[in-house]
Every structure is written in structure tokens, then in C-alpha cells.
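To keep things clear, I will list the structure first and then write my remarks on it.
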Amino acid sequence: MTNKKWFFNISGQVTGPFDDKESEDLFSTQSEAFIWGRGFSEWMKPEEWRVKKSGDPTAPENEEPFWKFRYQGQTHGVFTLTNMVDELSKLKDFDNIDVSYSEGPWREVFTVDTVADKLGLSRRAHRRVPILGTSTIEIDGAEMDLKTITISEGGLGFSNGPQIKVGTKIKGTLKSANLFSDVSFGGDVVYVGRDGYIGVKFNQLQHEALNTIVEYVSKFKD
């Protein structure tokens, strides 16, 4: 069965899903396109995609003992994904657990969808998808621009953000070629990762803005 899992972002328009061969064919004519698939955090350029997909932890053929986790200062593994999830499910506290795949960087378990979903740890009520955009946000009267890499009907995700505490209230406007109009929002910071990722949950969103997000997210049905 063909494994169609890749979506393309070409001049702000999302198409897909495609399999590996179809994706390579598209890149031959659309070298400036971006690509994304489930299990990855944001849109990728062709070179980055070719490297990362060879070590895609969500691929069935990669059910190999390449996973490790770090808990209370001790490293455990190496495991298959299934065996690591079994071990992690025995623990009660997931706040200080990091996981690593195939000698990759350590990441907090909540930020690795492949693992978090299997453990039932997802903190999102809505499907999260990648986006290319910039949010101009205001915190305590100060404005700053943050690279916006994920979006859902429930909130946004920023990368390489400043030191913001969980619980901080923000308001801002997202601009993206992926959306047919700007999105103004209010939100609460609900997650701050050690890698600089910031998760924001909407607490204020106009109906028109929600419709804009829903239309974009719906393009990722597979």
C-alpha cells in the first residue's frame, strides 16, 4: 500500500498527501517548496527532509531499538518505540522525562508527538499542523516578533522565543502567506520547552479568525 504522508507548501498553498516518489518528483519542479509529514515539528526544505525522513521515527520500518529516555538523571535504553512506551507507561510523573531517537538531541517527552500520543499525554484538544508565519505579540506593553511554526484551532506554537513563564497572557497578530487573512488573538502561555518552543492556548479569537484557521488546518486531511 502506498504510504502517502507528505504535504507540500508551495507559495503558501498546501497540497497532499504524497508518497516519497511523488514528493521527489514534485521537488524536481518545485525546488523552493516546503514539505511536512506527521511526526515532524515544522515545514522542511528538500535537503532537510531527505536527511530527516531516513530516520523518521514514525515509519513502520523504523521499529528498531533506537530509542532512549532520560529520567531522574539516568539514561535508559536502547528500546524499540513500543518497548520504550511500555517502560514509560509504568512511570507516574512525566514532567522531567526526555527522549532521544537514533542518537538525536534530547527532547521533552511532551514535544515528541509520536511518543506523547501513544502515552496519552497530548495537551492539545485540536490537531496541530505546521505553518510559516510571524506573530507580533504584546506582553506587558512590549512588542516582539516570534517565528510561528505550528497552529491549531486551539492555539499556536512559537520557536526560539524569549524567556516567558507559563501562565503569561499575551495578545498578538499572526501574519502568514498560508492564511487568507491575518489572525488577531489573545492567549495564555501553557507550555515552555527547554528547546525554546512556546505553546499558547487561545483565550480570545474572533469567529472570522477561527474560520481562517479551520480552513487552513482542513487542508491536512489524509
### Message
Give me the atom names and distance for the closest heavy-atom approach of Lys68 to Val78.
### Response
CG-CG2, 3.9 Å

### Message
I'd like to check Lys219 versus Val129 (side-chain heavy atoms, cut-off strictly below 4.5 Å). Are they in contact?
### Response
no

### Cluster check Phe180, Val14: I/L/V/M/F/W/Y, side chain < 4.5 angstrom
no

### Query
Excluding sequence neighbours, so at least two apart, what forms ring pair (Phe, Tyr, Trp, His ring centres under 6.0 Å) with Phe69?
His76, Phe79

### CD1 on Ile198 to NZ on Lys147, rounded to 0.5 Å
13.5 Å

### Query
Listed by chain and number, what are the salt bridge (charged side-chain N to carboxylate O under 4.0 Å, His left out) partners of Asp188, not counting sequence neighbours?
Lys169

#### Entry: Ala33 versus Pro46, closest heavy-atom pair with distance
O-CD, 3.8 Å

### Summary
ring-ring contact (aromatic ring centres under 6.0 Å, His included) test vs Trp6 passes for just one of Trp49, Phe27, Phe18, Trp36, namely Trp49

### Task
Mark yes or no for whether Ser135, through its side chain, and Ile137, through its backbone, hold a donor-acceptor pair below 3.5 Å.
no

#### Entry: Student check: side-chain heavy atoms of Pro130 and Ile149 closer than 4.5 Å
no

#### Entry: Residue from Tyr216, Phe220, Phe34 passing ring-ring contact (aromatic ring centres under 6.0 Å, His included) with Phe7
Phe220

#### Entry: Backbone of Asp19 reached by a side-chain donor or acceptor of Glu22 within 3.5 Å
yes

### Message
Please check this pair: side chain of Thr136 against backbone of Gly172, looking for a donor-acceptor N/O pair closer than 3.5 Å.
### Response
no

#### Entry: Flag side-chain contact, heavy atom, 4.5 Å: Lys45 against Glu32
yes

### Query
For Val192 and Ile164, which heavy atoms make the closest approach, and how far apart are they?
CG2-O, 3.1 Å

